[in-house]
Every structure is written in C-alpha cells, then in structure tokens.
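In this text the structure is predicted, and so the values were computed from the model without any measurement. Proteins come first, then strands; the chains are lettered A, B, ... in the order of their sequence lines, and each starts at number 1.
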Amino acid sequence: MTRLSLLKPAHIRKFQKTVYDYHRKYGRILPWRKTADPYKILVSEVMLQQTQVSRVIDRYQQFVNTFPTIKFVASSSLHEILFVWKGLGYNRRAHSLKRLAEIIVTEYNSRIPSDFELLVNLPGIGKATANAILAFAFKKPVVFIETNIRTVYIVHFFDGRKSVDDNEIYPLVAQSLDMQKPKEWYSALMDYGVFLKKKFSNPSRKSTHYKKQSPFKGSNRQVRGKIIRILVEEGRLTEKQLLERVTFREEMVRTNMKKLKGEGLIIKKGKYIIIG
DNA sequence: GTCCCGCTTA
DNA sequence: TAAGCAGGAC
C-alpha cells in the first residue's frame, strides 16, 4: 500500500507541467480532436476500444463521412455499417453502435446524453468510454482511467512497485486533474502515456488490471471474423456456400455461426445467411 | 474470470 | 514471432 494518496500542490503543478510540456511539443493531431460534435467523438471512442490510434484514423474519417449524423447510423443496415467497419475488428462494436444509435434517436431526440448513467447503460459503452465522452465531448472534469492514463501514473507515482491497483491511481487522477481544461488535460495525458509506453516497454504490466490476451490463430475470434468478412463482401450466401468459403473445421464454423446468430450479427433469410 | 478482432511494430 | 491496443459484455 502506498501513502501517496495526498499530493502537495507544488507536486501537482510540476506533474501537470511535465504532461503539458510534452503535449505542446509532441501532441498528436487527431481528426476527432478537431470536432465538437458529440456523435463523432462517441464514434471515435468506440473505435478506439482496444484498437490503436493509427488504425482508427482512416476508418473514423470514412465512417463520419458515410454516416454524418447519428440518424444515418440508426437508419442504415448492419451490413452497411460493417462494410465501413471492415478490418477494425471486434465486430460486436459495430452492432452495439447501431443499437445505441437507434436508442438515442428514439429516446433522446437524436442527442448524445451528457450524463454518465445514461451513457454507461448504452450498448458498447462502459465506464471508460462514458467518461471519455463526458471529458472530450462535453468538457466535464470527470475522473477515469484507461491504458495510457494508467501508464502515466504508474511511471510517475509508483516507481519500484511491482503491482498497482486502479483504486490507488484514481485519487491521484482526481487530484491532478485540470478542472478548467479537462479535454486538453486528458488529451495531453494520453499522448504522454503513449510516449512513456515506448520508453519503458509497457509499464501497465505492473497493473493488477493487466492481462495477456489469448492467441488469435485458430481461435473462435478468427473464425467469427472470417464469417463476417465474407458475408460483408458477398452480401448473402447459403449455409453450404459459407461452409465452403470459411476454411476451418466444419464443426467449428457451425458453432460460431450459431453464436453469431444468437448475438444478432447474422440472420437466416430464406435459404440465405446474411448480415443481421 | 473468459471471450471478443485484426493490424502494426519490434 | 509476439506484444499490445483511448475496453465491454457476460
């Protein structure tokens, strides 16, 4: 247990200066930082879940060009949405985004809520994403942690520690938060975190939150990904055609088709299987 | 706790 | 070849 729970004001100012100095010199220019549209910021946050910034930039541009407002997402088919999503991975996010859009259009008059409880109850929006939307879209001084933020605090305040829990980090995030400019502060913090990660070879491994992911090759994730990709490209296929195209063990393909059907990502229409 | 995706970088 | 990614749902 650390006893760093209360920081001195001078210490806080010095830390903030370090972060802001880095940001002034090396801060990233990102398309979703140029807009004030909460919808577009929400799209970026969902895309950025477990996905590198460099891979999101083009998809984000393409997505907001294709679907300029949340009404376009709500009224488009999942197939149209997945067509733009293709290659980003975690296809459930695209499904969540469509369901979320339908809820916001029908229940919230097409406006993104600026309330944590309302946001976090939307499909595909958890604690981190809800708070990121509040900070970046509504400039609210919320306290939250994601992987880059975690890295910064572990490096600066837990040097020498082998294991750090998020509950030890939250008070420090709260105390060092720039209440006047939460959007700029969190942008700077994340940019700085990316830098520290390269410099110290992923300090987040010291987090109790850290977890290594299971191998991708031969996994259900790979099979699911392939099923979705082929259906997005071909539009519709019979079960027989799909089994021919997805070159994995037939039993494994059938199992994953059932799961995808259960989740609403694919459906059976007549003799064809199509994107939900 | 496990599962969900696919790409870049080292 | 492996690591890791502006996490979420169950």
[N] [atom2] sits how many Å from [X] [atom1], rounded?
| X | N | atom1 | atom2 | value |
| --- | --- | --- | --- | --- |
| A/Y192 | C/dA6 | OH | P | 17 Å |
| A/L48 | C/dC5 | CG | P | 13 Å |
| A/Q49 | C/dC5 | CD | C1' | 12 Å |
| A/R59 | C/dA6 | CZ | C1' | 18 Å |
| A/L196 | C/dA6 | CG | C1' | 15 Å |
| A/N148 | C/dG4 | CG | P | 13 Å |
| A/I145 | C/dC5 | CD1 | C1' | 17 Å |
| A/L100 | C/dA9 | CG | C1' | 14 Å |

Item to complete: Ignoring hydrogens and angles, tell me if any N or O in the side chain of A/Y20 forms a donor-acceptor pair with the backbone of A/F15 under 3.5 Å.
Response: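 Answer holds: no.
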
Backbone N/O of A/V84 and side chain of A/R59: donor-acceptor pair under 3.5 Å
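Yes, A/R59 side chain to A/V84 backbone: donor-acceptor pair under 3.5 Å.
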
message: Just to verify, which of A/L42, A/D37, A/I112 counts as forming a side-chain contact (heavy atoms from CB on, under 4.5 Å) with A/I70?
response: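 Single pass found, and it is A/I112.
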
Given A/H209, which partner from the list A/V164, A/D165, A/D166 fulfils the side-chain contact (heavy atoms from CB on, under 4.5 Å) test?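 Result for side-chain contact (heavy atoms from CB on, under 4.5 Å) with A/H209: A/D166.
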
Under 4.0 Å between a side-chain N or O of A/K212 and OP1 or OP2 of C/dG4?
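False: A/K212 side-chain N/O out of range (4.0 Å or more) of C/dG4 OP1/OP2.
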
Once base and sugar-phosphate atoms are separated, protein heavy atoms under 4.0 Å mark nucleotides 1-10 of chain B, 5' to 3', with B, S and - as SBBBBBB---

Would you be so kind as to tabulate the donor-acceptor pairs closer than 3.5 Å made by side chains of residues 193-205 of chain A, with sequence neighbours excluded?
unit_1: A/K197; atom_1: NZ; unit_2: A/T147; atom_2: OG1; d: 2.9
unit_1: A/K197; atom_1: NZ; unit_2: A/N148; atom_2: OD1; d: 2.9
unit_1: A/N202; atom_1: OD1; unit_2: A/S204; atom_2: N; d: 3.2
unit_1: A/S204; atom_1: OG; unit_2: A/T151; atom_2: OG1; d: 3.0
unit_1: A/R205; atom_1: NH2; unit_2: A/S201; atom_2: O; d: 3.0

Using atom P of each nucleotide, how far apart are C/dA6 and B/dT2 to the nearest Å?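 Rounded to whole Å, the distance is 23 Å.
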
Open item on the list: For the C1' atoms, the ones on B/dC5 and on C/dA3, what distance do you get once it is rounded to whole angstrom?
Closed with: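 One C1' to the other, the span is 15 Å.
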
Under 3.5 Å, side-chain donor or acceptor atoms of residues 115-126 of chain A against the rest of the protein: list the pairs with distances, not counting sequence neighbours.
unit_1: A/D115; atom_1: OD2; unit_2: A/E117; atom_2: N; d: 3.1
unit_1: A/D115; atom_1: OD2; unit_2: A/L118; atom_2: N; d: 3.1
unit_1: A/N121; atom_1: ND2; unit_2: A/E117; atom_2: O; d: 2.9

Answer with base, sugar-phosphate or nothing: what part of the nucleic acid does A/Y210 contact at a heavy-atom distance below 4.0 Å?
->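 A/Y210: backbone/sugar contact only, no base atoms under 4.0 Å.
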
Discussion item. Using a heavy-atom cut-off of 4.0 Å across all strands, would you classify A/V53 as base, sugar-phosphate, or nothing?
Written reply: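 Answer is sugar-phosphate: A/V53 comes under 4.0 Å of backbone atoms only.
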
Checking A/F144 against A/Y170 for the ring-ring contact (aromatic ring centres under 6.0 Å, His included) test, could you report, in this order, the C-alpha distance in whole Å, the side-chain angles of both residues, the deciding distance, and whether it holds?
CA-CA 7 Å; A/F144 73 105; A/Y170 277 116; 9.2 Å; no

Practice problem: Examine A/F67 together with A/Y39 and report whether their ring centres are nearer than 6.0 Å. | Solution: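 No.
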
- Query: Can the ring centres of A/H95 and A/Y90 be said to be less than 6.0 Å apart?
  - Reply: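 No, the ring of A/H95 stays outside the 6.0 Å limit from the ring of A/Y90, centre to centre.
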
Does any residue of residues 117-142 of chain A have a heavy atom under 4.0 Å from DNA chain B, and if so, which ones, in number order?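 Residues of residues 117-142 of chain A that come under 4.0 Å of DNA chain B do not exist, since none gets that close.
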
Is it true that the side chains of [X] and [Y] contain a donor and an acceptor less than 3.5 Å apart?
| X | Y | answer |
| --- | --- | --- |
| A/S219 | A/R224 | no |
| A/Q241 | A/E234 | no |
| A/T129 | A/Q49 | yes |
| A/T18 | A/Y192 | no |
| A/S187 | A/R28 | no |

Can you list, by residue number, the residues of residues 29-36 of chain A that have a non-hydrogen atom closer than 4.0 angstrom to DNA chain C?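 Nucleic-acid contacts, sorted: A/L30, A/W32, A/R33.
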
Residues from residues 178-190 of chain A sitting under 4.0 Å of DNA chain C, heavy atoms only?
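A/M190 - these, ordered by number, are the residues of the stretch whose heavy atoms sit under 4.0 Å from the strand.
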
Under the 3.5 Å rule, do the base of C/dA3 and the side chain of A/R205 count as making a donor-acceptor pair?
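For A/R205, whose side chain was compared with the base of C/dA3, there is no donor-acceptor pair (under 3.5 Å).
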
